[in-house]
Amino acid sequence: MRFSVFTVMTPDLTPKQLIEHLVETGYDGVEWRYKETPEEFKQEQPSYWRFNKCTLQPNTTDEELASLRKSTDEKRIEVVSVTPYLDVDDLQATEKVLQTAQKLGASTIRIGVPRYDRTETYQELFKKAVQYVKEVEGMCKQYKVKGLVETHHQTITPSASLAYQLVCHFDPSHIGVLYDPGNMVHEGFENYRMGLELLGDYLAHVHVKNASWQIGQQYPDGSIGWEVQWAQLEHGVVDWKQVLTDLQAVGYDGYVGFEDFSGAFPTKDALSHNINWIKQLLTEIKGKAGD
């Protein structure tokens with residue numbers, strides 16, 4: 001397996017600072033977050049989803065992209081993905097991300113999936129998604145960049161099986177799945193091995209983070225609500241030793257990309273801690289297999 005970082009988890013580092021640290025800590029690749037940052041956010045302290053200094057802007061110039069690609073090429077850091085937040089009715093924005101990915105030498109992008117909030121039926125949203133992905137598939141073939149559907153809560157693809165239900169209509173050479181067990185703590189949990197077996201050739205990438213269920217709101221009648229909070233990798237619900245074992249069982253040898261939102265460590269320490277912890281799990285798995 002190879003190791004990458006989704007830059008949503010490195011908000012206080014610039015892209016060039018991150019590249020240097022990835023080399024120092026043994027990472028192989030990077031996934032660039034892609035989203036416009038409103039000017040008012042830039043007055044705040046760095047944070048994952050608002051003022052993230054390691055985010056590519058849609059108005060980034062070709063010269064800036066070429067400079068960034070030169071930096072990753074020189075340091076032998078593979079650009080695994082350009083990862084935006086796309087809507088399924090915006091093919092123009094999707095093509096722009098594909099163009100950016102091509103310029104950076106990225107192999108994948110994350111494509112749009114309809115959100116599910118009870119205002120439209122699953123059937124209506126699924127139809128829209130199929131129409132969108134059909135158009136995107138052609139674009140992906142043109143730009144030679146694979147489009148990935150993520151298993152993500154509050155969308156119509158929270159689980160491996162629902163992601164498969166969407167992508168199975170398309171060519172796995174151009175459309176695949178980003179498998180995210182951390183998101184599946186919120187909703188969409190299925191037996192890891194079964195889900196991975198179902199995805200088969202559509203399994204294209206894996207995200208590594210964790211989350212746990214915590215007591216949330218307490219109601220006047222004495223009942224208790226529960227909520228999901230992001231957690232340190234080794235302290236959450238996801239059994240990463242089992243996930244890694246199951247990934248190996250289905251023959252997956254691609255990237256696992258870290259996006260730790262726990263805030264348990266400063267950014268650079270988190271990058272070092274997480275890769276070392278996962279490598280230790282892989283060593284234990286290998287040792288057990290050899291017993």
Student: Strictly by modelled atom types, are E64 and S67 linked by a side-chain donor-acceptor pair under 3.5 Å?
Tutor: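 On atom types as modelled, these side chains do not qualify, holding no pair under 3.5 Å.
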Student: Is E24 salt-bridged to K268, going by a charged N under 4.0 Å from an acidic O?
Tutor: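 Looking at K268 together with E24, the answer is no, because their closest N to O distance does not fall below 4.0 Å.
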Student: Can you find a side-chain donor-acceptor pair between S159 and Y164 that sits under 3.5 Å?
Tutor: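 Distance-only check fails for S159 and Y164.
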Student: Counting only heavy atoms not in E44 (residues, nucleotides, ligands), do more than 12 fall under 6.0 Å from its CD?
Tutor: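 For E44, atom CD is crowded (more than 12 foreign heavy atoms under 6.0 Å).
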Student: Going through the distances and angles, do F6 and H207 end up as a ring pair (Phe, Tyr, Trp, His ring centres under 6.0 Å)?
Tutor: CA-CA 8 Å; F6 179 22; H207 268 173; 5.6 Å; yes
Student: Please table the atom pairs, donor to acceptor, closer than 3.5 Å between any side-chain atom in residues 137-144 and protein atoms at least two apart or in another chain.
Tutor:
{"from": "E137", "atom 1": "OE2", "to": "D171", "atom 2": "N", "distance (Å)": "2.8"}
{"from": "Y143", "atom 1": "OH", "to": "E95", "atom 2": "OE2", "distance (Å)": "2.7"}
{"from": "Y143", "atom 1": "OH", "to": "Q99", "atom 2": "NE2", "distance (Å)": "3.1"}

Student: Consider only side-chain N and O atoms of E190 and S161, and report whether a donor and an acceptor are under 3.5 Å apart.
Tutor: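 There is such a pair (donor and acceptor under 3.5 Å, judged by atom type) between the side chains of E190 and S161.
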Student: Can you tell me if T7 and E31 form a side-chain donor-acceptor pair at under 3.5 Å?
Tutor: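 Absent: no donor and acceptor within the cut-off.
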Student: D180 and side-chain hydrogen bond (donor to acceptor under 3.5 Å, both in side chains): which partner among H153, K209, H186?
Tutor: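 For D180, the side-chain hydrogen bond (donor to acceptor under 3.5 Å, both in side chains) test succeeds with only one of H153, K209, H186, which is K209.
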Student: Indicate yes or no: does K103 engage D62 in a salt bridge with an N to O separation below 4.0 Å.
Tutor: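 A salt bridge is present here (some side-chain N lies under 4.0 Å from a carboxylate O).
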Student: So that I can tick it off, tell me whether R193 and E197 are bridged by a salt bridge, with the cut-off set at under 4.0 angstrom between side-chain N and carboxylate O.
Tutor: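 So E197 pairs with R193 through a salt bridge.
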Student: Answer with yes or no whether the hydrophobic clustering places V208 together with Y192; edges join I, L, V, M, F, W, Y residues whose side-chain heavy atoms lie under 4.5 Å apart.
Tutor: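 In one cluster with V208: Y192, yes.
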Student: Are a donor atom and an acceptor atom from the side chains of R33 and Y85 found within less than 3.5 Å of each other?
Tutor: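 Y85 and R33 do have a side-chain donor-acceptor pair below 3.5 Å.
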Student: Taking atom CG of D117 as the centre, does the number of heavy atoms from other residues, nucleotides or ligands within less than 6.0 Å exceed 12?
Tutor: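 Yes - once you tally the heavy atoms of other residues, nucleotides and ligands closer than 6.0 Å, there are more than 12.
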Student: Just by distance, with hydrogens left out, do T151 and N183 show a side-chain donor and acceptor under 3.5 Å apart?
Tutor: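 No, because no side-chain N or O of T151 sits under 3.5 Å from a partner of the opposite role on N183.
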Student: Hey, would you say the F261 and Y48 ring centroids sit under 6.0 Å apart?
Tutor: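 Centroid separation for F261 and Y48: below 6.0 Å.
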Student: Can you check whether L271's main-chain N or O pairs, donor with acceptor, with Y27's side chain at less than 3.5 Å?
Tutor: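 At least one qualifying donor-acceptor pair exists.
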Student: Check the side chains of S212 and Q214 for a donor-acceptor pair under 3.5 angstrom, ignoring hydrogens and angles.
Tutor: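 Present: a donor and an acceptor within the cut-off.
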Student: Should the heavy atoms of other residues, nucleotides or ligands under 6.0 Å from CD of E40 be counted, would the total exceed 12?
Tutor: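 Yes, the 6.0 Å shell around CD holds more than 12 heavy atoms from other groups.
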Student: Give a yes-or-no answer on whether the side chains of N276 and Q280 include a donor-acceptor pair shorter than 3.5 Å.
Tutor: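 Not at all, the side chains of N276 and Q280 share no donor-acceptor pair under 3.5 Å.
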Student: With a cut-off of 6.0 Å (strictly less than), are more than 12 heavy atoms of other residues, nucleotides or ligands near NZ of K241?
Tutor: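 Yes, the 6.0 Å shell around NZ holds more than 12 heavy atoms from other groups.
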Student: Can you sort out the partners of E227 under salt bridge (charged side-chain N to carboxylate O under 4.0 Å, His left out), two or more places apart, ordered by chain and number?
Tutor: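 Listed in chain order: nothing, the list is empty.
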Student: So, do L148 and H205 sit near enough that their side-chain heavy atoms are less than 4.5 Å apart?
Tutor: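 Yes - at least one pair of side-chain heavy atoms lies under 4.5 Å apart.
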Student: So, are K42 and E39 salt-bridged, with charged N and O less than 4.0 Å apart?
Tutor: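 Between E39 and K42 there is a salt bridge, with a charged N closer than 4.0 Å to a carboxylate O.
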